Amino acid sequence: QGDLVESVGGLVQAGGSLRLTCAASDRIFRLYAMGWFRQAQGKERTFVAGINRSGDGTVYADPVKGRFTISRDNAKNTVLLLMDSLKPEDTDVYYCAAQYGAGPHIRKPEYWGQGTQVTVSS
């Protein structure tokens, strides 16, 4: 089991919602800002959302602003990504990420999850 373990993604219709979770080790969760990236086949991995260590600061990529919400439960060492109003263009493999420091901006993560597929049908 890796340092970051994501929940299984899924298939959802356009306009629907999906929640992703990522469980981290205690060492990582205490010291690292957390975030989510996504990657389509053959394309670069791109930033989706980030949250600082204390959980009171967030940042989002423009395509998901107002639709996605990132949060963290510091008691359970988990970070969540709630995705609402999903669109077919949100179809990607989603990766949990951790970067040492306060955050919330995540640019060069030191840790990655294994990736989970999210598919949005039209």
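Computed from a prediction, not measured in an experiment: that's the story for all the values here. All residue numbers in this chain count up from 1 along the given sequence.
Minimum heavy-atom separation, Ala14 to Pro88: CB-CD, 4.1 Å. For Leu18 against Gly9, the heavy-atom pair with the smallest separation is CD2-C, 4.3 Å. Nearest heavy-atom pair across Leu82 and Arg19 is CD1-CB, 4.3 Å. Taking all atoms of both residues into account, the shortest heavy-atom contact from Ile28 to Ala98 is CG2-CB, 3.8 Å. The two residues Ala24 and Leu4 come nearest to each other via the heavy atoms CB-CD2, 3.6 Å. The nearest pair of heavy atoms linking Cys96 to Val79 is SG-CG1, 3.9 Å.
Rounding to the nearest 0.5 Å gives a distance of 8.0 Å between CZ of Arg107 and CD of Gln99. In this structure, the separation between CG on Asn52 and CZ on Arg72 is 7.0 Å, given to the nearest 0.5 Å. With rounding to the nearest 0.5 angstrom, the CZ atom of Phe29 is 13.5 Å from the CG atom of Asp3. Interatomic distance, Leu81 CG to Tyr60 OH, rounded to the nearest 0.5 Å: 7.5 Å. Residue Met34 holds its CE atom at 9.0 Å from CG of Asn77, rounded to the nearest 0.5 Å. Of the inter-residue distances, the one linking Leu20 atom CG with Glu6 atom CD reads 7.5 Å to the nearest 0.5 angstrom.
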Assess the residue pair Arg38 and Thr46 against the criterion (side-chain contact (heavy atoms from CB on, under 4.5 Å)); give the C-alpha distance rounded to whole Å, side-chain angles, the decisive distance to 0.1 Å, and a yes or no. CA-CA 5 Å; Arg38 64 187 183 184; Thr46 58; 3.8 Å; yes

Step by step, would you call Ser7 with Thr116 a side-chain contact (heavy atoms from CB on, under 4.5 Å)? CA-CA 7 Å; Ser7 60; Thr116 187; 5.8 Å; no

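Cluster membership for Val120 and Val64, using ILVMFWY side-chain heavy atoms within less than 4.5 angstrom, is shared. Note on Trp36: it clusters hydrophobically with Val12, by side-chain heavy-atom contacts below 4.5 Å among ILVMFWY residues. Leu31 and Ile51 fall within a single hydrophobic cluster, where Ile, Leu, Val, Met, Phe, Trp and Tyr are joined by side-chain heavy atoms under 4.5 Å apart, directly or via other members. Using a 4.5 Å cut-off between side-chain heavy atoms of Ile, Leu, Val, Met, Phe, Trp and Tyr, with links allowed through other members, Ile106 and Met83 fall into different hydrophobic clusters.
Classification of Asp90 and Arg67 as a salt-bridged pair holds, one side-chain N sitting under 4.0 Å from a carboxylate O.
Side-chain atoms of Pro109 and Phe37, non-hydrogen and from C-beta on, do get closer than 4.5 Å to each other. Contact of the Gln117 side chain with the Thr119 side chain is registered, since non-hydrogen atoms from C-beta on lie closer than 4.5 Å.
A centroid separation of less than 6.0 Å is found between the aromatic rings of Tyr32 and Tyr111.
A side-chain N or O of Asp84 and one of Ser17 form a donor-acceptor pair less than 3.5 Å apart.
For Arg30, the CZ atom sits in a packed shell: over 12 heavy atoms of surrounding residues, nucleotides or ligands are nearer than 6.0 Å.
Glu110 contributes a side-chain N or O that, together with a main-chain N or O of Tyr100, makes up a donor-acceptor pair within less than 3.5 Å. The backbone N or O of Ala75 sits less than 3.5 Å from a side-chain atom of Asp73, completing a donor-acceptor pair.
Aromatic ring orientation, Tyr95 versus Trp112: perpendicular (interplanar angle above 60°, classes split at 30° and 60°).
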